[in-house]
Trainee: 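Starting off with a structure, shown below.
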Amino acid sequence: MTNSSLTNLLLIAGTVFLAIAVIGQARLGFAEINPGFFGRLLALIIGLFSLTGAVVLVLFPVEIVDLIRNYLAQQIQQNLGLIIQV
């Protein structure tokens with residue numbers, strides 16, 4: 001795994017949100033977690049997106065994403081006349 005802090009943050013956040021979605025109603029010392037149905041569903045969605053984002057950042061590092069973005073921007077600039085005609 002990379003040393004990216006964003007990847008680590010997304011991984012931890014995804015794990016926490018999935019734990020909230022699975023556990024649901026819990027009491028942790030003085031704190032009580034009671035998200036309800038909608039809160040659990042939202043925690044599940046946020047957790048899955050966070051873990052998916054972490055996996056994407058591990059598989060496709062930022063350098064590769066920047067390279068693809070720059071290539072696409074260059075192709076759009078070169079073919080702007082053809083794009084406008086369509």
Side-chain angles (χ1 to χ4, degrees):
M1 198 159 116
T2 63
N3 290 330
S4 173
S5 62
L6 180 61
T7 305
N8 292 336
L9 179 71
L10 287 174
L11 186 64
I12 292 170
T15 305
V16 168
F17 279 113
L18 284 180
I20 290 171
V22 170
I23 294 171
Q25 192 172 10
R27 177 169 282 226
L28 302 172
F30 61 89
E32 184 176 337
I33 300 173
N34 189 9
F37 175 75
F38 181 71
R40 290 177 74 179
L41 182 65
L42 190 61
L44 175 67
I45 292 169
I46 292 172
L48 289 177
F49 276 125
S50 297
L51 289 178
T52 303
V55 168
V56 166
L57 285 176
V58 168
L59 294 177
F60 304 108
V62 176
E63 294 82 18
I64 293 175
V65 174
D66 284 340
L67 182 67
I68 293 171
R69 182 181 52 126
N70 291 335
Y71 173 76
L72 289 176
Q74 182 183 22
Q75 291 300 317
I76 289 172
Q77 288 175 353
Q78 288 177 355
N79 300 315
L80 192 58
L82 295 174
I83 294 172
I84 291 174
Q85 289 177 357
V86 173

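Start at 1 with the first residue, then count along the sequence.
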Trainee: Phe60: which residues meet the side chain to side chain contact (heavy atoms under 4.5 Å, CB included) condition with it, sequence neighbours left out?
Mentor: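 Counting only residues at least two positions away or on another chain, Phe60 forms a side chain to side chain contact (heavy atoms under 4.5 Å, CB included) with Val56, Val65.
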
Trainee: For Ile64, which residues count as a side chain to side chain contact (heavy atoms under 4.5 Å, CB included) partner, sequence neighbours excluded?
Mentor: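 Expected list: Pro61, Ile68.
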
Trainee: According to the salt bridge (Lys or Arg N to Asp or Glu O under 4.0 Å) rule, which pairs have a member within residues 40-63, sequence neighbours left out?
Mentor: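 Counting only pairs at least two positions apart or across chains, no salt bridge (Lys or Arg N to Asp or Glu O under 4.0 Å) contact touches residues 40-63.
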
Trainee: Once salt bridge (Lys or Arg N to Asp or Glu O under 4.0 Å) is applied, what residue pairs with a partner in residues 49-62 remain, sequence neighbours excluded?
Mentor: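 Non-adjacent pairs meeting salt bridge (Lys or Arg N to Asp or Glu O under 4.0 Å): zero.
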
Trainee: Taking salt bridge (Lys or Arg N to Asp or Glu O under 4.0 Å) as the cut-off, I'd like each qualifying pair that reaches into residues 69-78, sequence neighbours left out, listed once.
Mentor: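 Qualifying pairs: Asp66-Arg69.
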
Trainee: What is the distance from atom CG of Leu57 to atom OG1 of Thr52, rounded to the nearest 0.5 Å?
Mentor: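 OG1 of Thr52 is found 11.0 Å from CG of Leu57.
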
Trainee: Quick one: side chain to side chain donor-acceptor pair (under 3.5 Å) partners of Gln74, sequence neighbours excluded?
Mentor: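 Side chain to side chain donor-acceptor pair (under 3.5 Å) check on Gln74 returns nothing, list empty.
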
Trainee: Can you list the residues that meet the side chain to side chain contact (heavy atoms under 4.5 Å, CB included) rule with Glu32, with sequence neighbours excluded?
Mentor: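 Partners of Glu32 by the side chain to side chain contact (heavy atoms under 4.5 Å, CB included) criterion, ordered by chain and then number, come out as Arg27, Asn34.
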
Trainee: For residues 45-54, which residue pairs pass the salt bridge (Lys or Arg N to Asp or Glu O under 4.0 Å) check, not counting sequence neighbours?
Mentor: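 Counting only pairs at least two positions apart or across chains, no salt bridge (Lys or Arg N to Asp or Glu O under 4.0 Å) contact touches residues 45-54.
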
Trainee: When Ile, Leu, Val, Met, Phe, Trp and Tyr are grouped by side-chain heavy atoms lying under 4.5 Å apart, directly or through other members, which residues fall in the same group as Ile23?
Mentor: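 For Ile23, no cluster forms, as it stays isolated from other hydrophobic side chains.
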
Trainee: Answer with yes or no whether the hydrophobic clustering places Leu48 together with Val22; edges join I, L, V, M, F, W, Y residues whose side-chain heavy atoms lie under 4.5 Å apart.
Mentor: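 Looking at the clustering, Val22 is in a separate group from Leu48.
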
Trainee: Locate the shortest heavy-atom distance separating Leu44 from Ala21; write the atom from each residue and the value.
Mentor: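 The answer is N-CB, 3.7 Å.
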
Trainee: Quick one: list whatever passes side chain to side chain donor-acceptor pair (under 3.5 Å) with Asn70, sequence neighbours left out.
Mentor: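 In terms of side chain to side chain donor-acceptor pair (under 3.5 Å), with neighbours along the sequence ignored, Asn70 is linked to no residue.
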
Trainee: Let's go through Leu51 and Leu10 carefully: what are the C-alpha distance in whole Å and the side-chain angles of both, what is the deciding distance for side-chain contact (heavy atoms from CB on, under 4.5 Å) to 0.1 Å, and is it a yes or a no?
Mentor: CA-CA 6 Å; Leu51 289 178; Leu10 287 174; over 6 Å; no

Trainee: Rest of the hydrophobic cluster containing Phe17 (Ile/Leu/Val/Met/Phe/Trp/Tyr, side-chain heavy atoms under 4.5 Å)?
Mentor: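 Once heavy-atom contacts under 4.5 Å are chained together, Phe17 belongs with Phe38, Leu42, Ile46.
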
Trainee: Who pairs with Val16 by side chain to side chain contact (heavy atoms under 4.5 Å, CB included), at least two apart in sequence or on another chain?
Mentor: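 Residues passing side chain to side chain contact (heavy atoms under 4.5 Å, CB included) with Val16: Ile12, Ile20.
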
